A.B. asks: 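Here it is: the structure, laid out below.
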Amino acid sequence: MSNKANIFHMASMARSGETLLLKMLAQHQDIVVVHNLTEFDDESETSAFEFLKKYSGRTIDLDHSCCDPYGLKSGQIIILKQGVWKHAYSFSGFILSRNPFSIYASLKLYDKEHIDYHYIENFWFNNSRRVYLWMDGVDKNKAALLEGKSPVEQFVLFYNARMGQLLETGLPVIRYEDVVRSPRSEVLKLCDILGVKMCEDMLQSHRFYEEGEIGHGGIELSSPIDPACNYKYKQNLTEFEFDYISINAKNVFTKYGYEVEGQNVISK
């Protein structure tokens with residue numbers, strides 16, 4: 001009997017709803033989320049992530065030191081979040097997609113608790129550094145293109161590079177909007193990709209966290225799925241930003257099944 005665990009990647013980009021997917025996956029008895037679920041990773045989680053980030057295999061021996069903290073059994077699954085870096089090798093897993101309007105709107109609000117934040121004049125002060133580092137992780141040749149660009153221009157350059165790159169993998173796509181709208185059908189699809197049977201706890205994952213317990217990216221883990229989050233982008237984008245993304249990211253987002261109708265983003 002093989003004494004190995006299987007490795008699957010969740011390939012996406014920041015602010016795409018990764019924490020929601022990870023907390024759902026974490027409730028399956030045969031799935032272990034390696035990192036970026038809770039607000040802070042401990043030393044063993046960080047060490048495991050740094051090793052797996054550069055690991056070429058799709059399985060790993062259970063006696064490897066990075067498996068020690070997780071109590072893995074043969075045939076179980078490790079989920080590795082691949083959000084803002086490009087894996088050097090082919091990998092198993094799925095793409096998590098979210099429409100770029102919602103991602104950008106979420107990034108605009110990311111530092112809203114910071115003393116220097118202003119929703120019009122100063123909302124991108126940390127994101128410039130983040131997006132540069134993310135671009136450097138997925139396509140070093142394009143990082144210099146970000147210099148001198150406006151926030152929405154920087155974002156679209158990164159979105160197109162990252163999500164366009166992932167299309168080339170041919171991996172199945174799970175759309176965040178569909179998970180929020182029809183969680184059961186999408187979790188069934190996800191479990192089929194991973195080769196496991198769905199368990200009901202995955203659909204009630206928020207109940208396994210204490211109120212106020214914060215996950216990666218400032219997400220409250222005890223919050224249930226809120227279908228209204230699919231439309232929050234409308235509150236946080238200017239008309240110029242919406243139009244700029246509509247025109248300049250269209251070649252990528254339409255391939256993920258998104259269309260723009262008037263001022264609405266439709267998942268087809």
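Not measured: the values here are computed from a predicted model.
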A.B. asks: Are Leu109 and Ile214 connected in a single hydrophobic cluster, I mean Ile/Leu/Val/Met/Phe/Trp/Tyr linked by side-chain heavy atoms less than 4.5 Å apart?
C.D. replies: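 Different clusters: Ile214 never reaches Leu109 through Ile, Leu, Val, Met, Phe, Trp or Tyr contacts under 4.5 Å.
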
A.B. asks: Take a 6.0 Å sphere around CZ of Phe125 and say whether it holds more than 12 heavy atoms from other residues, nucleotides or ligands.
C.D. replies: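 Atom CZ in Phe125 is crowded, with more than 12 foreign heavy atoms closer than 6.0 Å.
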
A.B. asks: Which heavy atom of Ala14 sits nearest to which heavy atom of Trp134, and what is that distance?
C.D. replies: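 Looking at all heavy atoms of both residues, the closest pair is CB-CH2, 3.5 Å.
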
A.B. asks: In the single-linkage hydrophobic clustering (I, L, V, M, F, W, Y; side-chain heavy atoms under 4.5 Å), do Phe51 and Val33 co-cluster?
C.D. replies: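 Different clusters: Phe51 never reaches Val33 through Ile, Leu, Val, Met, Phe, Trp or Tyr contacts under 4.5 Å.
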
A.B. asks: Please determine, by modelled atom types, if Asn236 and Lys108 share a side-chain donor-acceptor pair under 3.5 angstrom.
C.D. replies: no

A.B. asks: With the 4.5 Å side-chain cut-off for hydrophobic clustering, are Tyr233 and Leu107 part of the same group?
C.D. replies: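 Yes, Tyr233 connects to Leu107 through the hydrophobic network.
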
A.B. asks: Which atom pairs, donor and acceptor, lie under 3.5 Å between side-chain atoms of residues 246-255 and protein residues at least two apart or in another chain?
C.D. replies:
from   : atom 1 : to     : atom 2 : distance (Å)
Ser246 : OG     : Phe242 : O      : 2.7
Asn248 : ND2    : Tyr244 : O      : 2.9
Thr254 : OG1    : Lys250 : O      : 2.7

A.B. asks: Run the side chain to side chain donor-acceptor pair (under 3.5 Å) test on His35 and Glu45 for me, step by step, so that the C-alpha distance in whole Å, both residues' side-chain angles and the decisive distance to 0.1 Å come before the verdict.
C.D. replies: CA-CA 6 Å; His35 80 128; Glu45 290 171 324; over 6 Å; no

A.B. asks: Going by atom types only, do Ser222 and Glu220 share a side-chain donor-acceptor pair under 3.5 Å?
C.D. replies: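 Yes, side-chain donor-acceptor contact under 3.5 Å.
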
A.B. asks: Closest approach of Gly83 and Glu18, non-hydrogen atoms and distance?
C.D. replies: CA-OE2, 4.1 Å

A.B. asks: Pick out which of Leu188, Leu190, Asp192 makes a side chain to side chain contact (heavy atoms under 4.5 Å, CB included) with Met198.
C.D. replies: Leu188

A.B. asks: Mind jotting down which residue pairs meet the salt bridge (charged side-chain N to carboxylate O under 4.0 Å, His left out) criterion with at least one end in residues 46-56? Sequence neighbours excluded, please.
C.D. replies: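 Pairs touching residues 46-56 that pass the test: none.
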
A.B. asks: Measure from NZ or CZ of Arg58 to the centre of the six-membered ring of Tyr89 and say whether it is under 6.0 Å with the direction within 45° of the ring axis.
C.D. replies: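 That pair does not qualify as a cation-pi contact.
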
A.B. asks: Using modelled atom types and a 3.5 Å cut-off, is there a donor and acceptor pairing between side-chain atoms of His114 and backbone atoms of Asp116?
C.D. replies: yes

A.B. asks: Can you give me the closest heavy-atom contact between His87 and Tyr55, atom names plus distance?
C.D. replies: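 Closest approach of His87 to Tyr55: NE2-O, 3.0 Å.
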
A.B. asks: Counting N and O atoms only, with roles assigned by atom type, does the side chain of Asn6 sit under 3.5 Å from a partner on the main chain of Ile77, one being a donor and the other an acceptor?
C.D. replies: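 Not a single qualifying donor-acceptor pair exists.
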
A.B. asks: Do the charged groups of Asp111 and Arg130 touch, with an N to O distance under 4.0 Å?
C.D. replies: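 So Asp111 pairs with Arg130 through a salt bridge.
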
A.B. asks: For Lys149, does the NZ atom have more than 12 heavy-atom neighbours from other residues, nucleotides or ligands under 6.0 Å away?
C.D. replies: yes

A.B. asks: Strictly distance-based, threshold 3.5 Å: is any side-chain N or O of Thr238 a donor or acceptor partner for the main-chain N or O of Glu241?
C.D. replies: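 Judged by distance alone, yes, a pair lies under 3.5 Å.
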
A.B. asks: As a quick check of understanding, evaluate side chain to side chain contact (heavy atoms under 4.5 Å, CB included) for Ile95 and Thr169, giving each step before the final call.
C.D. replies: CA-CA 9 Å; Ile95 300 168; Thr169 66; 3.7 Å; yes

A.B. asks: Could you tell me which non-hydrogen atom of Leu52 sits nearest to which non-hydrogen atom of Ile60, and how far apart they are?
C.D. replies: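 Smallest interatomic distance, heavy atoms only, reads CD2-CD1, 4.1 Å.
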
A.B. asks: Return yes if some donor-acceptor pair links the side-chain N/O of Ser47 with the main-chain N/O of Glu43 below 3.5 Å, else return no.
C.D. replies: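 Not at all, since once roles are kept as given, no pair shorter than 3.5 Å links the two residues.
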
A.B. asks: Going through the distances and angles, do Gln82 and Leu166 end up as a side chain to side chain contact (heavy atoms under 4.5 Å, CB included)?
C.D. replies: CA-CA 11 Å; Gln82 186 200 128; Leu166 289 179; 4.3 Å; yes

A.B. asks: Can you say whether the rings of Trp85 and Phe49 are parallel (under 30°), tilted (30 to 60°) or perpendicular (over 60°)?
C.D. replies: perpendicular

A.B. asks: Would you confirm whether Glu121, through its side chain, and His118, through its main-chain N or O, come within 3.5 Å as a donor-acceptor pair?
C.D. replies: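 Flag not set: sc Glu121 to bb His118 has no pair under 3.5 Å.
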
A.B. asks: Taking the ring centre of each residue, are Tyr104 and Trp124 less than 6.0 Å apart?
C.D. replies: yes

A.B. asks: Do Ser97 and Tyr258 have a side chain donor and acceptor closer than 3.5 Å?
C.D. replies: yes

